[in-house]
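To start, the structure under review is shown below, and the notes come after it.
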Amino acid sequence: MPEKTIPILPCRTLQPVLDFYTALGFEVTYRQRSPNPYAVVERDGIELQFFAMKQYEPTESFSTCYVLTDDVEGLYQAFRAGLKETYGRIPTRGLPRVGPLKDMSYGVRQFLMTDPGGNCVRVGQRTGREHRHGPAPEETFARALHFASLLADSKGDAAGAAKVIDRVLCLTDEKPTRVQLLQLLVLRADVAGRLGDDEASASALARAAALDLTGAERDLGRDALTRLADLRGSPRP
């Protein structure tokens with residue numbers, strides 16, 4: 001029999017967490033109320049288990065797990081549709097929230113979602129054989145996007161990502177392509193929202209939305225355009 005790893009993740013109370021995963025298309029397959037609150041959710045081959053702790057603080061959580069799939073695009077679209085139906089929008093900040101789908105330098109295409117318990121679930125699909133970071137790009141704006149993305153999503157350093165983007169957008173001797181500018185502005189708006197800087201977020205979103213892109217540029221920037229739409233439709237909770 002092949003081995004299987006099942007994450008067991010904490011939360012303060014079970015019901016908001018179960019409601020969140022139900023919105024994503026999971027089924028609650030087990031629930032225990034006493035002596036210890038405990039539950040299991042399943043969706044196809046994904047199984048997650050949760051236990052409740054009254055003294056637990058979701059906003060200070062570091063708990064995480066990785067879900068490897070062969071259809072990250074399908075899961076991303078299904079999860080976004082379920083969240084929009086349940087919450088009336090795609091939650092992009094606070095708890096719960098879902099991040100953008102993007103290609104990472106370590107050979108996966110992934111997105112991050114954080115449930116009401118503060119658990120970060122990374123969902124990804126391998127795009128290459130290497131499971132380590134490739135070399136950082138040499139070109140100025142690609143390099144900035146590379147490091148800002150890692151700071152924002154892998155390290156959780158929104159302020160650091162904002163500094164990288166602001167620095168490169170102030171350059172006068174070099175200019176990004178329109179797709180790069182779109183990606184930089186959308187990421188800048190995203191991290192500004194996480195930092196509670198609504199003015200900076202709104203400014204970056206407005207600049208990104210005003211870009212006049214060709215059809216080919218829209219194809220290249222489709223991940224950023226999807227995130228732009230989510231951010232513009234996601235008011236502060």
- Message: Checking the side chain of E139 only, and the main-chain atoms of A142 only, is there a donor and an acceptor separated by less than 3.5 Å?
- Response: yes

Show me, pair by pair, the donor-acceptor contacts under 3.5 angstrom made by side chains of residues 157-165, not counting sequence neighbours?
| unit_1 | atom_1 | unit_2 | atom_2 | d |
| --- | --- | --- | --- | --- |
| D157 | OD1 | G160 | N | 2.8 |

- Message: Taking the six-membered ring of Y76 as reference, does the cationic atom of R80 (NZ for Lys, CZ for Arg) lie under 6.0 Å from its centre and within 45° of its axis?
- Response: yes

- Let me know which of F20, Y21, Y38 forms a ring-ring contact (aromatic ring centres under 6.0 Å, His included) with F50. Y21

- Query: Do the non-hydrogen side-chain atoms of P100 and T226 ever get within less than 4.5 Å of each other?
  - Reply: no

- Can any side-chain N or O of R97 pair as donor or acceptor with the backbone N or O of P91 at less than 3.5 Å? no

- Message: Contact between V168 and L184 at the side-chain level, heavy atoms closer than 4.5 Å - yes or no?
- Response: yes

Donor-acceptor contacts, no H, no angles, side chain residues 203-215, under 3.5 Å, sequence neighbours left out:
| unit_1 | atom_1 | unit_2 | atom_2 | d |
| --- | --- | --- | --- | --- |
| T214 | OG1 | E217 | N | 3.1 |
| T214 | OG1 | E217 | OE1 | 3.4 |

- Message: Between K4 and E42 (salt bridge meaning N to carboxylate O under 4.0 Å), is one present in this structure?
- Response: no

- Query: Just by modelled atom types, is the Q15 backbone N or O under 3.5 Å from a matching donor or acceptor in the T13 side chain?
  - Reply: no

- Is there a side-chain contact between L75 and R43 (heavy atoms, below 4.5 Å)? yes

- Query: Is any side-chain heavy atom of L169 less than 4.5 Å from a side-chain heavy atom of L185?
  - Reply: yes

- Query: Do F51 and P10 come close enough that some side-chain heavy atom pair is under 4.5 Å?
  - Reply: yes

- Do the charged groups of D198 and R93 touch, with an N to O distance under 4.0 Å? yes

- Item | NZ/K102: more than 12 non-hydrogen atoms of other groups inside 6.0 Å | yes

- S149 and M104 have their tightest heavy-atom pair at OG-CE, 4.3 Å

- Message: Quick check on E138: does its CD atom have over 12 non-hydrogen neighbours (other residues, nucleotides or ligands) under 6.0 Å away?
- Response: no

- Please confirm whether the backbone N or O of L18 pairs with a side-chain atom of T22, one donor and one acceptor, at under 3.5 Å? yes

- Query: Would you say the side-chain atoms of T64 pair up with the backbone N or O of V121, donor to acceptor, closer than 3.5 Å?
  - Reply: no

- Using atom types as modelled and distance alone, determine if a side-chain donor or acceptor of Q125 lies under 3.5 Å from a backbone N or O of D70. yes

- Message: Could you check whether R227 pairs with D223 (Lys NZ or Arg NE/NH1/NH2 to Asp/Glu carboxylate O, under 4.0 Å)?
- Response: no

- Flag side-chain contact, heavy atom, 4.5 Å: R122 against V108: no

- Between L48 and C65, what is the shortest heavy-atom contact and its length? CD2-SG, 4.0 Å

- Are Y66 and Q110 close enough that a side-chain donor and a side-chain acceptor fall under 3.5 Å? yes

